[in-house]
**Q** 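Provided herewith is a single structure, encoded as structure tokens, for subsequent inquiry.
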Amino acid sequence: MNRESEHPIRRYWQKIWDPMDLWLFYSMLAIYVMSLFLLYSADGQSLRQLESKTVHTVIGFGLLWLIARTRPQLLGNFAPPLYVLALLMLIAVHFFGVTVNGSQRWLNLGFIRPQPSEIMKIALPMMVAWYLQKHEAHLGWKHYLIALVLVGLPGFLILKQPDLGTATLIMASGLFVIFFAGLPWKALFAAVIGFCAALPLIWLYGMHDYQRTRVLTLLDPTKDPLGAGYHILQSMTAIGSGGVWGKGWLNGTQTHLDYIPEATTDFIFAVYGEEFGLIGNILLLGVYTVILARGLYIAAKAPTLYSRTLAGALTMTLFCYIFVNMGMVSGILPVVGVPLPLVSYGGTATLSIMIIIAMLMGIANQKRT
């Protein structure tokens, strides 16, 4: 009896696990399991959001397995239609979108309520990477400028929702692609200098009053402790009260007395910091670091311009979301509507992050073949 006939179950499971990058998979799984306990606590020991997140995550694992098995170049062929679809959905949000807490970001399709900006989180870097590889042999300033237009269109539409935080991070994902594609350093320095010079104009004419208030609140949150500074002060209090070891699961007083706003979404890191303390924060940062380091390694080993730029941009996009969310909750960045990847509640956000990780796995598989 040969080896293949002896171990059919083993061969079956090997076929299932073959496309998975174990570093990414186990790191993602560890964060997901932790997030279930955290959501249960943050939602007042209710199973409602936990069940919803589980459904989205199961769907996400199915998409992850399929996408990880798909060649990146094949996925790249879907970049233009996906980008156009996401762009049309963003336009539809402007006319028919659902408004929540003063922001018009969602579409109500009856059976589902997607957030098109989360779809654009994936579509934009794919589109820019696809376009730049198409002209790889003769990349010039014209192609970089067209890539900037591709970045600016969705950014403008998301700013109109208004959602400055998400618009900035999504545009950054496209700019990362341009950078990894070989944008000259002098152009990068010129862009930074131009942005710094334009800051007064952005402050006066490019920001809403509430956005300027958030920046001023960051500098002195105690100036309006019951208004604009409330979010930052309560989240900082929760994280600080957790100390080194934390108060323990389900024992966070700031959380269960409803002092922390948006406890299951944007400010879930404050819940985590209060209940699991500094040690828990270090462990979470360690797992995130594994994901980011693995993503950059995959980007460095990718064999094509499309794979290299896309993997690098997706990894840096994850870094930005992690840094911005933790930064705003900790009081070192202005408050913006950015979820904590794989931890915060939100169906579209959960699926988009898992698709990003699946695409990194697909690029890693391309390296091995």
Side-chain angles (χ1 to χ4, degrees), residues 19 21 24 60 63-91 114-136 139 143-158 166-183 291-292 295-296 298-321 341 348-367:
D21 183 280
L24 293 176
L63 289 173
L64 182 143
W65 185 78
L66 290 173
I67 294 172
R69 295 179 64 89
T70 306
R71 292 188 300 107
Q73 296 297 336
L74 179 60
L75 283 178
N77 294 331
F78 293 95
L82 182 62
Y83 176 83
V84 172
L85 174 63
L87 206 60
L88 292 175
M89 291 179 70
L90 287 173
I91 295 172
Q115 186 175 353
S117 59
E118 291 293 331
I119 300 174
M120 187 58 78
K121 182 192 299 183
I122 299 167
L124 178 58
M126 285 181 65
M127 180 63 191
V128 177
W130 174 86
Y131 174 76
L132 293 177
Q133 169 154 300
K134 185 178 178 182
H135 301 281
E136 179 182 5
L139 275 178
H143 304 105
Y144 288 125
L145 290 175
I146 293 175
L148 288 174
V149 172
L150 294 174
V151 172
L153 284 175
F156 172 77
L157 292 172
I158 296 171
T166 302
T168 301
L169 291 174
I170 286 178
M171 287 191 291
S173 70
L175 295 175
F176 285 135
V177 174
I178 298 174
F179 171 74
F180 286 117
L183 182 70
I291 293 175
L292 296 174
L296 291 176
I298 291 170
K301 297 295 183 179
T304 66
L305 176 68
Y306 174 80
S307 299
R308 183 173 68 252
T309 55
L310 183 61
L314 293 177
T315 302
M316 293 306 298
T317 298
L318 281 175
F319 167 77
C320 287
Y321 272 79
T348 313
T350 299
L351 290 175
S352 66
I353 295 298
M354 295 187 73
I355 290 172
I356 285 175
I357 292 177
M359 294 172 71
L360 289 174
M361 289 182 179
I363 295 171
N365 291 332
Q366 183 189 31
K367 173 182 70 68

**Q** What heavy-atom pair brings L150 and Y83 nearest, and what distance separates the two atoms?
**A** O-OH, 2.6 Å
**Q** Do you know the tightest heavy-atom contact between A68 and N365?
**A** O-ND2, 2.7 Å
**Q** If every non-hydrogen atom of I170 is compared with every non-hydrogen atom of S117, which pair is closest and at what distance?
**A** CD1-O, 3.0 Å
**Q** Heavy atoms only: give me the nearest M354-G60 pair and the separation to one decimal.
**A** CE-C, 3.6 Å
**Q** Distance check, rounded to the nearest 0.5 Å: L63 atom CG versus I355 atom CD1?
**A** 5.0 Å
**Q** Roughly how far, to the nearest 0.5 Å, is CE of M316 from CZ of F179?
**A** 8.5 Å
**Q** Just distance, no hydrogens or angles: give the donor-acceptor pairs under 3.5 Å from side chains in residues 307-314, sequence neighbours left out.
**A**
from, atom 1, to, atom 2, distance (Å)
S307, OG, T304, OG1, 3.0
S307, OG, Q366, OE1, 2.6
T309, OG1, L305, O, 2.8
T309, OG1, Y306, O, 3.2

**Q** For L360, which of I291, T315, D21 qualifies under side chain to side chain contact (heavy atoms under 4.5 Å, CB included)?
**A** T315
**Q** From R69 CZ over to L74 CG, what is the distance, rounded to the nearest 0.5 angstrom?
**A** 13.0 Å
**Q** Do you know the tightest heavy-atom contact between G174 and V128?
**A** O-CG1, 4.0 Å
**Q** Rounded to the nearest 0.5 Å, how far apart are CE of M89 and CG of L157?
**A** 13.0 Å
**Q** Please report the interatomic distance CG(L124) to OG(S173), rounded to the nearest 0.5 Å.
**A** 4.5 Å
**Q** Could you give the distance from CG (L153) to CD1 (I158), rounded to the nearest 0.5 Å?
**A** 11.0 Å
**Q** Considering the options I67, T70, L64, which one meets the side chain to side chain contact (heavy atoms under 4.5 Å, CB included) requirement together with M361?
**A** L64
**Q** Please report the shortest heavy-atom distance between A147 and I178, naming the atom on each side.
**A** CB-CD1, 3.8 Å
**Q** For side chain to side chain contact (heavy atoms under 4.5 Å, CB included), just list the numbers for M359 and M126, CA-CA rounded to whole Å, side-chain angles, deciding distance to a tenth of an Å, and then say yes or no.
**A** CA-CA 10 Å; M359 294 172 71; M126 285 181 65; 3.4 Å; yes
**Q** Are I356 and K121 close enough that some pair of their side-chain heavy atoms sits under 4.5 Å apart?
**A** yes
**Q** Can you tell me if F78 has over 12 outside heavy atoms packed within less than 6.0 Å of its CZ?
**A** no
**Q** Under the side chain to side chain contact (heavy atoms under 4.5 Å, CB included) rule, what do L145 and L148 come out as? Steps first, then yes or no, please.
**A** CA-CA 5 Å; L145 290 175; L148 288 174; 4.2 Å; yes
**Q** Are the side chains of P80 and M127 in contact, using a 4.5 Å heavy-atom criterion?
**A** yes
